[in-house]
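Since the structure comes first, as structure tokens, the remarks are kept for the end.
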Amino acid sequence: MSKVILISGASSGIGEATARILAKAGHKVFLGARREDRLKALSSEIGAGYAVLDVTSRESFQSFVDAAVAEHGHVDVLVNNAGVMPLSLMDSLKVDEWDRMVDVNIKGVLNGIAAVLPLFTGGGHVVNVASIGAHLVTPTAAVYCATKYAVWALSEGLRQERDDLRVTVISPGVTESELADTITEDHAASFMAEYRKNALPASAIGDAIAYAISQPETVDVNEIVVRPVADR
Ligand SMILES: NC(=O)c1ccc[n+]([C@@H]2O[C@H](COP(=O)([O-])OP(=O)(O)OC[C@H]3O[C@@H](n4cnc5c(N)ncnc54)[C@H](OP(=O)(O)O)[C@@H]3O)[C@@H](O)[C@H]2O)c1
């Protein structure tokens, strides 16, 4: 069945790959991110709609959802995928980067949930992209992991509160994308450059998202963790 699927952070990496896979499967995909040039090019390539979206703004997320409803009449699925990962040691006190991770990775997900919940009266599906960082913590990733633990908790709480809603957490391991480009601390950047050599293609995460969406309406895939084979 063709669904109306909204994807935040669709201008690169996992969001872009997911959009390609879902559009190819015949869904009506609606793309959101800040870089309009990227959205425009992708939307004309795959036949999707798009609107500029800053997930940190409640108003921007509402306008994004409104634009999708204006185009398609309703929303079936929201993929809360936008995220940033400027890793650093806590001692470095990069407090602006802490704020940005909280704003994008937690508040961005909440803003998305707030914008679609009123539409999801008789069903609906929220897919939140967390991380293996929702299950384990490593040095330089304290704040990032905290935001992803929060995404996991929000998803589980929402799932328990609503009998008519499907809620899925997707927890990727290292995946090819632009995510590490936001790191400004040398120590974290050089560690990540090595760590990220063993990475999944972004399509591997897109396939997992497509799998969760494609299940029967009575089936809620609660979480999928996807790692490269050799990841410990
Ligand atoms: N790649 C990995 O190894 C990995 C592992 C675990 C989890 N994840 C998660 O996967 C998700 C996607 O990341 P990615 O790996 O695909 O990285 P990416 O290539 O950097 O993509 C991140 C996306 O988020 C968007 N974004 C950032 N800030 C935004 C904002 N304020 N408003 C709207 N969109 C915003 C970016 O678009 P604009 O800059 O155009 O706004 C971009 O499309 C993230 O939640 C990330 O934490 C990734």
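In this chain, numbering begins with 1 at the start of the sequence shown. As the structure is a computational prediction, the values presented were derived from the model and not from experiment. All values below were derived from every heavy atom in this structure, side-chain atoms included, with hydrogens, water molecules and symmetry-related copies excluded.
- Looking at Ser171 and Arg227, their side chains never bring a donor and an acceptor atom within 3.5 Å of each other.
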So Leu6 and Val65, side-chain contact (heavy atoms from CB on, under 4.5 Å) or not? Walk me through it. CA-CA 8 Å; Leu6 280 53; Val65 171; 3.9 Å; yes
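- For the atom pair Asp91 CG and Thr140 OG1, the distance stands at 12.5 Å (nearest 0.5 Å).
- We find the NE2-CG distance between His187 and Leu87 to be 10.0 Å, quoted to the nearest 0.5 Å.
- Residues satisfying the salt bridge (Lys or Arg N to Asp or Glu O under 4.0 Å) test with Lys28, not counting sequence neighbours, are none.
- At least one side-chain heavy atom of Val109 sits less than 4.5 Å from a side-chain heavy atom of Ile113.
- Shown here for Val29 and Ala48, the closest heavy-atom pair between the two residues is O-CB, 3.2 Å.
- A salt bridge links Glu156 with Arg159: at least one charged nitrogen is closer than 4.0 Å to a carboxylate oxygen.
- You'll find the side chain of Phe30 stays beyond 4.5 Å of the side chain of Ser43, heavy atoms only.
- Side-chain heavy atoms closer than 4.5 Å link hydrophobic residues (I, L, V, M, F, W, Y) into clusters, and following such links, possibly through other members, connects Val225 to Met85.
- Scored by the ring-ring contact (aromatic ring centres under 6.0 Å, His included) test, Phe191 finds Tyr195 as partners (sequence neighbours excluded).
- Val151 approaches Ala130 most closely through the heavy-atom pair CG1-CB, 4.0 Å.
- Under the 4.0 Å criterion applied to side-chain N and carboxylate O atoms, Arg38 and Glu178 are assigned as salt-bridge partners.
- Looking at heavy atoms from C-beta onward, Thr168 lies out of side-chain contact with Asn128 at the 4.5 angstrom threshold.
- Remark: the Asp103 side chain and the Thr56 side chain contain no N/O donor-acceptor pair separated by less than 3.5 Å.
- The minimum heavy-atom distance between Ala33 and Ser11, with the atom names listed, is CB-OG, 3.4 Å.
- A donor and an acceptor atom, one from each side chain of His125 and Gln215, are nowhere located under 3.5 Å apart.
- If you take CG on Asp76 and CD1 on Ile5, they are separated by 7.5 Å, rounding to the nearest 0.5 Å.
- To the nearest 0.5 Å, atom OG of residue Ser63 and atom CZ of residue Arg58 are 13.0 Å apart.
- Counting heavy atoms of neighbouring residues, nucleotides and ligands inside a 6.0 Å radius, atom NZ of Lys3 exceeds 12 of them.
- A salt bridge does not link Arg196 with Glu176: every distance from a Lys NZ or Arg NE/NH1/NH2 to an Asp or Glu carboxylate oxygen is 4.0 Å or more.
- Between Ser88 and Glu185, the closest heavy-atom pair is CA-OE1, 3.3 Å.
- Atoms CG and CD, from Asp54 and Glu59 in turn, are 10.5 Å apart once rounded to the nearest 0.5 Å.
- Contact record, Ile183 with Ala188: CG2-CB, 3.8 Å, taken as the closest heavy-atom pair.
- Within the 4.5 Å cutoff, no side-chain heavy atoms of Ile132 are placed close to those of Pro172.
- For Asp186, the CG atom sits in a loose shell: 12 or fewer heavy atoms of surrounding residues, nucleotides or ligands are nearer than 6.0 Å.
- Val221 and Val169 sit in two unconnected hydrophobic clusters of ILVMFWY residues. Membership requires side-chain heavy atoms under 4.5 Å apart, directly or through other members.
- In summary, of the residues considered (Val167, Leu117, Val126), a side-chain contact (heavy atoms from CB on, under 4.5 Å) with Arg162 occurs for Leu117 alone.
- Residues Leu39 and Leu78 are members of separate hydrophobic clusters, defined by side-chain heavy-atom contacts under 4.5 angstrom among Ile, Leu, Val, Met, Phe, Trp and Tyr.
- For Lys107 (side chain) and Ser57 (main-chain N/O), no donor-acceptor pair under 3.5 Å exists by modelled atom type.
- Looking only at side-chain heavy atoms (C-beta outward), Leu31 and Leu42 come within less than 4.5 Å of each other.
- Remark: Leu158 CG to Phe120 CZ distance equals 10.0 Å, nearest 0.5 Å.
- Look at Lys24 and Glu45 and you find no salt bridge, because none of the NZ, NE, NH1 or NH2 atoms lies under 4.0 Å from a carboxylate O.
- Under the 3.5 Å distance criterion, the side-chain polar atoms of Asn81 are matched with a main-chain donor or acceptor of Ser8.
- Under the 4.5 Å side-chain heavy-atom criterion for Ile, Leu, Val, Met, Phe, Trp and Tyr, Val127 and Ile7 are members of the same hydrophobic cluster.
- Side-chain contact between Leu165 and Asp220: absent, with no pair of heavy atoms (C-beta onward) separated by less than 4.5 Å.
- In terms of hydrophobic clustering, with Ile, Leu, Val, Met, Phe, Trp and Tyr side chains grouped at heavy-atom distances under 4.5 Å, Leu53 and Leu179 are assigned to a common cluster.
- Between the side chains of Thr184 and Glu97, at least one donor-acceptor pair of N or O atoms lies under 3.5 Å.
- Taking every heavy atom of both residues into account, Thr182 and Pro86 meet most closely at O-CB, 3.3 Å.
- Using cut-offs of 30° and 60° for the angle between ring planes, the His135 and Trp152 rings count as perpendicular.
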